[in-house]
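Remember, predicted model here, so these are calculated numbers, not experimental data.
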Amino acid sequence: MKFINDFRDRELCETLLERIHKEAVREITIMEVCGGHTMALHRFGIPALLPNTITLLSGPGCPVCVTGRGFIDHAIGLSMRDQTMVCTYGDLIRVPGSESTLEKAQADGANVRIVYSPLQCIEMAAQDPETNHVFLGIGFETTAPASAVALQKANELGLKNFFLYSAHKIMPPAMAAIIHEGVKVDAYLCPGHVSTISGTKMYEPLVDQFGVGCVVSGFEPLDLLQSILMLVQQQENKNAAVEIQYTRAVKSQGNVKAQQILNQVFEPCDAWWRGLGILANSGLKPSANYKGFDASVVYGLSTNEPADPTGCRCGDVLKGLLKPTECKLFRKTCTPANPIGACMVSAEGACQSFFRYANS
């Protein structure tokens, strides 16, 4: 298959669905880890087409959704300092902090810029040496390499006015924490983009320790249906394993060059996840050689995390304990136009995907 329409072929989709209905005899609960998978599943109406023996749960794989309110509070504070600019990806700008958002702070005069790459922030820092530039690093193994390259570039240029405020995270500790919390998960639909960088070896401990199946999936209907069928077959045959459906993009060893850069620039650290709290060694921070670029060190930013707003259940949604439609705020006070929680903000958020597609 070469073109996107090939991966949406109706006849092939129906054939896969017939096989899923025929082979899914045992009950199986599958968690899609990636927010992109959550959005794609609902966009194409796949949950409604599956047999009753299959339960789909959304997981903690949306980078915006798992980023804490404390991180946003600090980012707003930095953007209001004299001679300081905060650079961020656009999907973070509407995430609520304790009292405001970066978008509202920008409207009030704070120095916030949306960028498409941390290298844009590097360019601005080089052109304006009198202003400190702080890049907000969010996301998993997929986006962390770009932040790592930016730190290498800043080091090469000798910049003294570029800093990274890192909320980068890695997926396996969160996937293990979900199971440790007692959430019933038989299989993981593993993130395609993350696996492109990290490869698949990191999922093997999940299979060995918990007996859950793991299939790395693409994002088109045929990808998703084939991946679900592979997980069903693992469940029926009681042979949990790590498999790759997304072979056109993912190799078992991953992107070795990107992994080398990550290891050169970052080191593991404890990180806070919405719904899961602080998970040991689940985050990435600049290593000792790049400590001078670490905004949390330079600005002395604490890791205290304020509580979610009253009634917001994003934490339970991210753990698969609650469907977005079961939250009392859903479609009432919490909408994409007025998001109370991060899961309604992000284009990969479970709440926004249910809002857009659950009734379609």
Enquirer: Would you say P145 and I197 make side-chain contact, with heavy atoms under 4.5 Å?
Expert: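 They are in contact (side-chain heavy atoms under 4.5 Å apart), so the answer is yes.
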Enquirer: Are R248 and F7 in a cation-pi setup, meaning NZ or CZ lies under 6.0 angstrom from the ring centre and within 45 degrees of the ring axis?
Expert: yes
Enquirer: Shared ILVMFWY cluster between Y188 and V215, side chains joined below 4.5 angstrom?
Expert: no
Enquirer: Under the side-chain contact (heavy atoms from CB on, under 4.5 Å) criterion, do L102 and L136 qualify, and how do the steps go?
Expert: CA-CA 11 Å; L102 285 164; L136 306 180; 3.7 Å; yes
Enquirer: Are any side-chain N or O atoms of E130 and backbone N or O atoms of Q83, one a donor and one an acceptor, separated by less than 3.5 Å?
Expert: no
Enquirer: If you group Ile, Leu, Val, Met, Phe, Trp and Tyr by side-chain heavy-atom gaps below 4.5 Å, do I28 and L321 land in one group?
Expert: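 I28 does not cluster with L321.
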Enquirer: Quick one: side chains of residues 156-179, donor-acceptor pairs under 3.5 Å with protein atoms, not counting sequence neighbours, listed by atom name and distance.
Expert:
residue: N161; atom: ND2; partner: A125; partner atom: O; Å: 2.9
residue: N161; atom: ND2; partner: D128; partner atom: O; Å: 3.0
residue: N161; atom: ND2; partner: T131; partner atom: O; Å: 2.9
residue: S166; atom: OG; partner: H168; partner atom: N; Å: 3.3
residue: S166; atom: OG; partner: L284; partner atom: O; Å: 2.7
residue: H168; atom: ND1; partner: I138; partner atom: O; Å: 3.3
residue: H168; atom: ND1; partner: G139; partner atom: O; Å: 3.3
residue: H168; atom: NE2; partner: S147; partner atom: OG; Å: 2.7
residue: K169; atom: NZ; partner: A167; partner atom: O; Å: 3.2
residue: K169; atom: NZ; partner: W272; partner atom: O; Å: 3.4

Enquirer: Between L49 and L225, is there a side-chain heavy-atom distance shorter than 4.5 Å?
Expert: no
Enquirer: Is there a continuous path of hydrophobic side-chain contacts, each under 4.5 Å between heavy atoms, that joins L206 to V185?
Expert: yes
Enquirer: Check whether H21 reaches the backbone of L16 with its side chain - one donor and one acceptor, N or O, closer than 3.5 Å.
Expert: no
Enquirer: With heavy-atom distances below 4.5 Å as the criterion, would you say the side chains of V194 and M202 are in contact?
Expert: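 The answer is yes; the side chains approach within 4.5 Å.
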Enquirer: Are Y203 and L262 co-members of a hydrophobic cluster defined by side-chain heavy atoms under 4.5 Å apart?
Expert: no
Enquirer: More than 12 heavy atoms of other residues, nucleotides or ligands under 6.0 Å from CG of N338: yes or no?
Expert: yes
Enquirer: How close do G211 and A240 get, counting heavy atoms only, and between which atoms?
Expert: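 Nearest pair, atom of G211 first, then A240: O-CB, 3.4 Å.
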Enquirer: Mind checking whether I20 and P51 have side chains closer than 4.5 Å, heavy atoms only?
Expert: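 Result yes, sub-4.5 Å side-chain heavy-atom pair found.
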Enquirer: With heavy-atom distances below 4.5 Å as the criterion, would you say the side chains of P96 and V345 are in contact?
Expert: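 P96 vs V345: side chains touch.
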Enquirer: Any sub-3.5 Å donor-acceptor pair from E348's side-chain atoms to M39's backbone N or O?
Expert: no
Enquirer: Drop me the distance from S217's OG to I244's CD1, to the nearest 0.5 angstrom.
Expert: 12.0 Å
Enquirer: According to the interplanar angle, ranging from 0 to 90°, do the rings of F210 and H180 count as parallel (below 30°), tilted (30 to 60°) or perpendicular (above 60°)?
Expert: perpendicular
Enquirer: For residues P286 and D294, report the shortest heavy-atom separation together with the two atoms involved.
Expert: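 Scanning both residues completely, I find the closest heavy atoms to be CD-OD2, 3.5 Å.
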Enquirer: Is E236 reaching over with its side chain to a backbone N or O of R26, donor-acceptor style, under 3.5 angstrom?
Expert: yes
Enquirer: Report yes or no: does N281 contribute a side-chain atom to a donor-acceptor pair with the main-chain N or O of D270 at less than 3.5 Å?
Expert: no
Enquirer: What about F219 and H193, are their ring centers closer than 6.0 Å?
Expert: yes
Enquirer: Would a distance-only check, ignoring hydrogens and angles, find a side-chain to backbone donor-acceptor pair under 3.5 Å from N155 to L151?
Expert: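 No.
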Enquirer: Rounded to the nearest 0.5 Å, how far does CZ of R274 lie from CG of L276?
Expert: 11.0 Å
Enquirer: side-chain contact (heavy atoms from CB on, under 4.5 Å), that's the test. Do V64 and T67 meet it? Break it down for me.
Expert: CA-CA 5 Å; V64 169; T67 300; 5.6 Å; no
Enquirer: Compile the donor-acceptor pairs under 3.5 Å between side chains in residues 85-95 and protein atoms, sequence neighbours left out, one pair per line.
Expert:
residue: R94; atom: NH1; partner: P336; partner atom: O; Å: 3.3
residue: R94; atom: NH2; partner: P336; partner atom: O; Å: 2.7

Enquirer: I'd like to know if the side chain of S282 and the backbone of I278 have a donor-acceptor N/O pair within less than 3.5 Å.
Expert: no
Enquirer: When rounded to the nearest 0.5 angstrom, what is the spacing between NZ in K285 and OG in S296?
Expert: 7.5 Å
Enquirer: Within this structure, what is the CZ-NZ distance for the pair R313 and K319, rounded to the nearest 0.5 Å?
Expert: 9.5 Å
Enquirer: State, to 0.1 Å, how close S58 and T38 come at their nearest heavy-atom pair, and which atoms those are.
Expert: OG-CG2, 3.6 Å
Enquirer: Between E32 (side chain) and L189 (backbone), is there a donor-acceptor pair under 3.5 Å?
Expert: no
Enquirer: Identify all side-chain donor-acceptor contacts of residues 323-330 below 3.5 Å with residues at least two apart in sequence or on another chain.
Expert:
residue: E326; atom: OE1; partner: K323; partner atom: N; Å: 2.9

Enquirer: Counting only heavy atoms not in N239 (residues, nucleotides, ligands), do more than 12 fall under 6.0 Å from its CG?
Expert: yes
Enquirer: So, do M31 and P60 sit near enough that their side-chain heavy atoms are less than 4.5 Å apart?
Expert: yes
Enquirer: Could you check if a side-chain atom of I72 sits within less than 4.5 angstrom of a side-chain atom of T101, using non-hydrogen atoms only?
Expert: no
Enquirer: Would I46 end up clustered with V33 when hydrophobic side chains under 4.5 Å apart are linked, directly or stepwise?
Expert: no
Enquirer: Within the supplied structure, the quantity of interest is the number of heavy atoms (other residues, nucleotides, ligands) at a distance under 6.0 Å from E27 CD; does it exceed 12?
Expert: no
Enquirer: Please assess Q152 against Y290 for the test side-chain contact (heavy atoms from CB on, under 4.5 Å), listing each intermediate value before the final yes or no.
Expert: CA-CA 8 Å; Q152 288 183 327; Y290 294 89; 3.7 Å; yes
Enquirer: Starting at SG of C351, measure out to CZ of R331 and round the result to the nearest 0.5 Å.
Expert: 11.0 Å
Enquirer: Which atom pair, heavy atoms only, marks the closest approach of A148 to V265?
Expert: O-CG2, 3.7 Å
Enquirer: Is any side-chain heavy atom of Y299 closer than 4.5 Å to a side-chain heavy atom of N132?
Expert: yes
Enquirer: Under the 3.5 angstrom rule, does the side chain of T84 hit a backbone N or O of M80 as a donor-acceptor pair?
Expert: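 No.
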Enquirer: Where do A150 and L119 come nearest, in terms of heavy atoms and distance?
Expert: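 So the two residues come closest at CA-CD2, 4.0 Å.
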Enquirer: About how many Å separate CD of E99 and CD1 of I76, when rounded to the nearest 0.5 Å?
Expert: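 Here the interatomic distance stands at 9.0 Å.
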Enquirer: Can R113 and Q120 be said to form a side-chain contact (heavy atoms from CB on, under 4.5 Å), step by step?
Expert: CA-CA 10 Å; R113 297 289 178 87; Q120 279 185 264; over 6 Å; no
Enquirer: Do E305 and R69 sit within salt-bridge range, that is, some charged N less than 4.0 Å from a carboxylate O?
Expert: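 R69 and E305: not salt-bridged.
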Enquirer: Using every non-hydrogen atom in the two residues, find where L57 and G320 come nearest and quote the distance to one decimal.
Expert: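 The pair with the smallest heavy-atom distance is CD2-O, 3.6 Å.
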